Amino acid sequence: MAACISSSQLPTAIRSATATLDLFINAICLRSRSRRSLRGHSTISNSGLPAATVVSSEEAPASDFLSRFSDILKNFRNESHEYIPEPGAKPLESDPFHYNLLMKAFSRAGNIDEVLRLFREMKESKCDPNVLCYTTVLDALLAANRPKEAEKVFDEMIDSGVTPDAASFTVLVKFYSFYLKKFDSANEVIRWMIRSGCDPDVVTYTTLIAGLCKAGLVEDAWDVVDQMLQGKCAPNAHSYTPFLQAYCAQGKIEAAIRLIESMRSIGCPPDVVAYNILVNGLCKHGYFDEVALLLQNSVSDGWEPDAVTYNTYISELCKVGKADIAYKQLNIMLGKKICPTIVTLNIVLDSICQESSVWEGNHHLETSLELGLDVDAVSYNTIMSRLCEIGRLSWVLKLFNDMVKKGINPNTETFNIVIHSLCKAGKLRKAKCIFTSKGFVADIVTCNILIHEFHMARKFGELHNLLSEIDMENIRPDLVTYNTIVDSLCRNRKFLEAIDFVRSADVGYQSQAVAHLSYWLIRHRKISELISLFNEMSEQGLVFDAQMFNHLIKAFCTFGSCQGREIYKICLVLDKMLEIG
DNA sequence: GTAGGGTTAG
């Protein structure tokens, strides 16, 4: 019998979990995220991809828009005029100032390897990094999701006798609050700053507020605002926007609207970023009419919608199948002389794939290239991910080749799409070859794809070897990881191991992971196991939320327990939940 | 050199 997996041991457990699963019952096909049908693709376009099909107006409400898409693209604003140095570039002068300029440029371009190369070079050439250089490297490491190395660099800065200033302390606050969620340590840094005569500024406090809000600790974040006001450090619009994010994420739209109003009254008027967060929140909860009203009143409310406002609105309209309204909004945006950006283009490309076909989307990608637009990795990823969904491996590889030839650097998402496509086609060995590709850095999505696909193929040994090649130090398991492993265990009827796995989560029971596990237990009529799990959760003080109730009732209905004698099982579980809730 | 918004992958 295989040993139990402790999720507190993850990510090591991700590897060991694979070894414990020795039996898999069925090779269940990957659930396609899409049921979109493709309409005819028998002819071949210049690119070698099937030509886009002509879509009738009855079939696609956006067809009139599509025919004019090329004209609209001419309004497109090419944004990437920022200086990106060539790899291996040398600073103009061998001093900290010029090294920092170059490191910052590489950091902006997301090239952490070049930042670290320069940092190493400057130390080797006895050009001692100053506090600005250290801050650049620290921030670049955090941006690259390498917090452990950032911590070492901070220690090195102190050991070298370089005195940290407010900016470098702020990066340390970000490290503790964003990456480790250790808010006591973040507060300790702030106390350290005060003790050493380097007062935290509005950026320091706002960083802490953003970390707390992101973790859902909104009340603690308000305490920080109080602390700022007591310490004569006035909050600004940046300080309040994390609260807007948190309220919107929690569905507390009214609280977000009230905060926007309060910001006006306390002399800290919300700017376009604050309104964009609200627009996003309203859209995500289906309040599209309210967004229309917000835009209508923008002038009298003292703000001007920008490309992000419309990108958000258009994207969310497309997601809920309101492409016709989305395209009208795009025309309104253009009418207001707001230039569409690369993000607009990518939203529209994705929408074309949904509303028409992936081939039509590809046709418009080609048109964009012909017009000389700066398409990016996301544009390619958008088309490639749809091709992956419909199992068109060869086309995925062709687009991957095309983008590389055009000098567009694939990102981790690109590699993940290619790996996923290869796995779906059963070419697991070729998927493994990706690991040696230049620029490939695996992330948690890579791990999740591998765990799922290799489990389905019952190739546990190979999966184990592959995962051991991944640098796990900066990869944290997420909800999908938990659910993927739970799926694999439950599919193999190892329910007790699945319960142990969820139970041992180092962050305590996660509501969504428990809901996912409950689905399997209900499906397999493991009601007594479910109730004992709830008992244990109740002892640990977990409270059930409405989402959990909805999820479980749905599971019972799906598996036919809502009729006949089995109804008592639902009553038993609901009683238990109400008792805990 | 440090803080808040929109697109793509599991």
Side-chain angles (χ1 to χ4, degrees), chain A residues 30 33 96-97 100-101 103-104 107 130-140 142 164-174 177-178 200-211 213-214 235-245 248 270-281 283 306-316 318-319 341-351 353 376-386 388-389 411-421 423 443-453 478-481 483-484:
Chain A
L30 245 193
R33 282 201 300 119
F97 174 79
N100 195 36
L101 272 184
M103 289 196 294
K104 194 65 209 159
S107 176
N130 60 15
V131 67
L132 275 73
C133 297
Y134 273 108
T135 308
T136 302
V137 174
L138 285 167
D139 202 47
L142 288 187
D165 61 4
S168 43
F169 271 126
T170 300
V171 177
L172 194 61
V173 170
K174 182 156 81 173
S177 57
F178 266 79
D201 58 17
V202 63
V203 182
T204 318
Y205 284 117
T206 302
T207 305
L208 178 57
I209 290 171
C213 285
K214 205 175 164 196
N236 59 20
H238 283 250
S239 317
Y240 290 110
T241 47
F243 292 101
L244 290 171
Q245 284 278 35
C248 290
D271 58 11
V272 65
V273 175
Y275 276 104
N276 286 345
I277 295 167
L278 182 61
V279 166
N280 193 24
C283 288
D306 63 6
V308 176
T309 321
Y310 279 98
N311 288 346
T312 308
Y313 192 21
I314 292 166
S315 163
E316 295 301 324
C318 289
K319 277 184 199 162
T341 66
I342 181 67
V343 177
T344 324
L345 172 65
N346 292 337
I347 292 165
V348 174
L349 282 177
D350 191 43
S351 165
C353 291
D376 63 5
V378 178
S379 320
Y380 274 92
N381 293 349
T382 302
I383 307 296
M384 286 164 67
S385 62
R386 302 301 170 212
C388 174
E389 271 180 21
N411 57 22
T412 300
E413 285 89 337
T414 320
F415 286 115
N416 284 342
I417 295 164
V418 174
I419 288 172
H420 194 192
S421 303
C423 287
D443 65 3
I444 188 60
V445 180
T446 322
C447 295
N448 292 343
I449 293 169
L450 295 175
I451 291 168
H452 184 269
E453 297 295 335
D478 63 9
L479 187 67
V480 180
T481 322
N483 291 350
T484 305

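Bear in mind the structure is a predicted one, so any value in this text is a computation, not a measurement. Letters A, B, ... are given to chains in the order of the sequence lines, protein chains preceding strands, and every chain is numbered from 1.
- Residue A/Thr382 places no side-chain atom within donor-acceptor reach of the base of B/dT8, judged by atom type and a 3.5 Å distance cut-off alone.
- Side-chain proximity of A/Thr170 to B/dT2, B/dG1, B/dG4: nearest is B/dT2.
- When rounded to the nearest whole Å, the span between CZ of A/Phe97 and P of B/dG1 equals 9 Å.
- Of the candidates B/dT8, B/dG1, B/dA3, B/dG1 carries the atom nearest the A/Ser168 side chain, counting heavy atoms from C-beta on.
- Look at CG on A/Asn311: it is 14 Å from C1' on B/dT8, rounded to the nearest Å.
- Between the base of B/dA3 and the side chain of A/Asn236 there is a donor-acceptor pair shorter than 3.5 Å.
- Separating the CD1 atom of A/Ile419 from the C1' atom of B/dA9 is a distance of 10 Å, rounded to the nearest angstrom.
- Distance, A/Tyr205 OH to B/dG4 P: 18 Å, rounded to whole Å.
- At a threshold of 4.0 angstrom between heavy atoms, the contacts of A/Asn130 with the nucleic acid are absent.
- To the nearest 0.5 Å, atoms CG (A/Asp139) and CE (A/Met103) are separated by 12.0 Å.
- Legend: residues meeting salt bridge (Lys or Arg N to Asp or Glu O under 4.0 Å) with A/Glu413, ordered by chain and number and at least two apart, are absent.
- Between the side chain of A/Thr312 and the base of B/dG6 there is no donor-acceptor pair of N/O atoms closer than 3.5 Å.
- Protein atom CG of A/Asn280 is 12 Å distant from nucleotide atom C1' of B/dT7, rounded to whole Å.
- With hydrogens and angles ignored, no donor-acceptor pair under 3.5 angstrom links the side chain of A/Thr344 to the base of B/dG6.
- A/Asn381 and A/Asn411 share a side-chain donor-acceptor pair at under 3.5 Å.
- Contacts of A/Thr206 with the nucleic acid, taken as non-hydrogen atoms under 4.0 Å apart, include base atoms.
- Look at CG on A/Leu138: it is 11 Å from P on B/dT2, rounded to the nearest Å.
- A/Asp306 contributes no side-chain N or O that forms a donor-acceptor pair with the base of B/dG6 under 3.5 Å.
- Contacts of A/Asp306 classified as salt bridge (Lys or Arg N to Asp or Glu O under 4.0 Å), with partners at least two apart in sequence or in another chain: none.
- One interatomic measurement links the two molecules: CG of A/Leu450 to C1' of B/dA9, which rounds to 13 Å at whole-angstrom precision.
- Here the nucleotide nearest the side chain of A/Thr412, chosen from B/dA9, B/dG1, B/dT7, is B/dA9.
- Between A/Tyr205 and A/Ser239 the shortest side-chain heavy-atom distance does not fall below 4.5 Å.
- Atom P of nucleotide B/dG4 and atom OH of A/Tyr240 are separated by 17 Å, given to the nearest angstrom.
- A sub-4.0 Å separation between OP1 or OP2 of B/dG4 and a side-chain N or O of A/Lys214 is absent.
- For the atom pair NZ (A/Lys104) and CG (A/Leu132), the distance works out to 10.5 Å, reported to the nearest 0.5 Å.
- Of the candidate nucleotides B/dA9, B/dT7, B/dA3, B/dA9 has the atom nearest to the side chain of A/Asn416.
- Distance from the side chain of A/Thr207 is smallest for B/dA3 among the nucleotides B/dG1, B/dG4, B/dA3.
- Closest contact between the side chain of A/Thr135 and the listed nucleotides B/dG4, B/dT8, B/dG1 involves B/dG1.
- Of the candidate nucleotides B/dG4, B/dG1, B/dT8, B/dG1 has the atom nearest to the side chain of A/Leu132.
- Contact annotation for A/Asn411: no contact, since no heavy-atom pair falls under 4.0 Å across all strands.
- For A/Asn346, counting side-chain heavy atoms from C-beta on, the closest listed nucleotide (B/dG1, B/dT7, B/dG4) is B/dT7.
- The listed nucleotides are B/dG1, B/dT7, B/dG4; the one nearest the side chain of A/Lys319 is B/dT7.
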**Report entry** Candidate pair A/Asn416 and A/Asp443, rule side-chain hydrogen bond (donor to acceptor under 3.5 Å, both in side chains), full reasoning
**Finding:** CA-CA 9 Å; A/Asn416 284 342; A/Asp443 65 3; 3.2 Å; yes

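- For A/Asp201, counting side-chain heavy atoms from C-beta on, the closest listed nucleotide (B/dT7, B/dA9, B/dT2) is B/dT2.
- Between B/dA9 and A/Arg386, a contact under 4.0 Å exists linking OP1 or OP2 to a side-chain N or O.
- Heavy atoms of A/Asp376 sit nowhere under 4.0 angstrom from any nucleic acid atom.
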